[in-house]
Amino acid sequence: MPGLGSAARVWKEIRRDVQAAQERDPAARGVGSSEILAIWPGVHAVLAHRVAHALFEARVPLLPRLIAGLARLLTGIEIHPAARIGRGLFIDHGMGVVIGETAEIGDDVTLYQGVTLGGTGFAVGKRHPTVQDNVTIGSGAKLLGPIVVGHGAKIGANSVVIHDVPPNSTVVGNPGHPVRVDGRRPEGPDADWAHLPDPISDAIKGLASRIGALERALAERGVDPATVPGDEEQPEPLRAARGPNPAGG
Ligand SMILES: CC(C)(COP(=O)(O)OP(=O)(O)OC[C@H]1O[C@@H](n2cnc3c(N)ncnc32)[C@H](O)[C@@H]1OP(=O)(O)O)[C@@H](O)C(=O)NCCC(=O)NCCS
């Protein structure tokens, strides 16, 4: 069973977690520690995990999973009791966060709602991400597989990250790619992942400007474009789908 030493360690970690909320949540500025402890779901989830993890490490059966399940019920944040979490983790809002069994999180990490530190399939062993110190992961980001997110990295909201992330970089998109490393844009012909070409939008813009030019040319000749006869042929109506529903299953 955990002794006084581990109780003191857990208490110290809890204080640091509350402090993390005060420092990193603009809505928590000027809010007292007891109010944060009573209300912030991210703090509740981390607190519950500290206890569940200590019991898990002490090989107490059942109870760690029960605590994790109860915490998920109350906060919407799911943290496996085996996950290793450093000091000062702050989960802002929190709903929908999932932290898998073999995930490792360093110190002073910030996660927003909907972040997944998950596996890619049915692999066993180390299969969840390792997140180093001072990383920020935006809402809805999915980090999958045993990747390493280097210290100080920022992951953009809704990114899907399946490769290692360099330290002090910003990664965005699906699949996630670095758009800043040490504050600088990566160079190279294939580096601008924040501004990928959109051929459909380009084609629509091209057609729209051509139609505009044609309408202006008609107007100059005194023709109202609305009176020009169009192609009256109607498209074939869609047939009802037969066979099994392709959306099923
Ligand atoms: C990624 C993030 C942390 C900003 O990091 P940063 O290092 O300061 O990066 P910048 O703001 O300079 O953005 C770098 C580039 O990535 C783009 N970018 C930023 N976030 C992006 C995202 N989520 N998806 C796609 N592109 C994004 C920016 O437009 C910018 O493009 P540019 O090269 O044209 O300038 C921030 O945009 C983000 O997503 N934060 C998450 C916040 C969040 O989840 N809040 C929830 C509160 S409830």
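Start at 1 and go down the list; that is how both ligands and their atoms are numbered.
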May I ask you to check whether A157 has an N/O atom sitting below 3.5 Å from an N/O atom of ligand 1? yes
State plainly whether the residues E13 and R87 are in salt-bridge range, i.e. N to O under 4.0 Å. no
Point-to-point distance, once rounded to the nearest 0.5 Å, from OG1 of T116 to NE2 of H128: 10.0 Å
Answer yes or no for T136: is there a heavy-atom contact with ligand 1 below 4.0 Å? no
Nitrogen or oxygen of T170 less than 3.5 angstrom from that of ligand 1: yes
Note: heavy atom closest to atom 25 (C) of ligand 1, options V172, I137, L111, belongs to V172
Under 4.0 Å from a heavy atom of G138: which atoms of ligand 1 are those, numbered in the order shown and with their elements? 41 (C), 44 (O)
Which atoms of ligand 1 are found less than 4.0 Å from any heavy atom of R180? 12 (O), 14 (C), 32 (P), 33 (O), 35 (O)
Those atoms of ligand 1 less than 4.0 Å from some heavy atom in V179: 14 (C), 15 (C), 16 (O)
So which heavy atom on F90 is nearest to which on R24, and how close? CB-NH1, 3.7 Å
Identify the heavy atoms of H53 and A83 that sit nearest to each other, and give their distance. ND1-O, 3.3 Å
Are any of the N or O atoms of H93 closer than 3.5 Å to those of ligand 1? no
Considering non-hydrogen atoms only, spot the tightest contact between P186 and V181 and give its length. CG-CG2, 4.4 Å
Are V18 and I91 connected, step by step, through hydrophobic side chains (Ile, Leu, Val, Met, Phe, Trp, Tyr) whose heavy atoms are closer than 4.5 Å? no
Do any nitrogen or oxygen atoms of Q113 lie less than 3.5 angstrom from nitrogen or oxygen atoms of ligand 1? no
Quick check on contacts: which atoms of ligand 1 are under 4.0 angstrom from a heavy atom of G156? 1 (C), 23 (N), 39 (O)
Separation between CG (N174) and NE2 (H177), nearest 0.5 Å, reads 9.0 Å
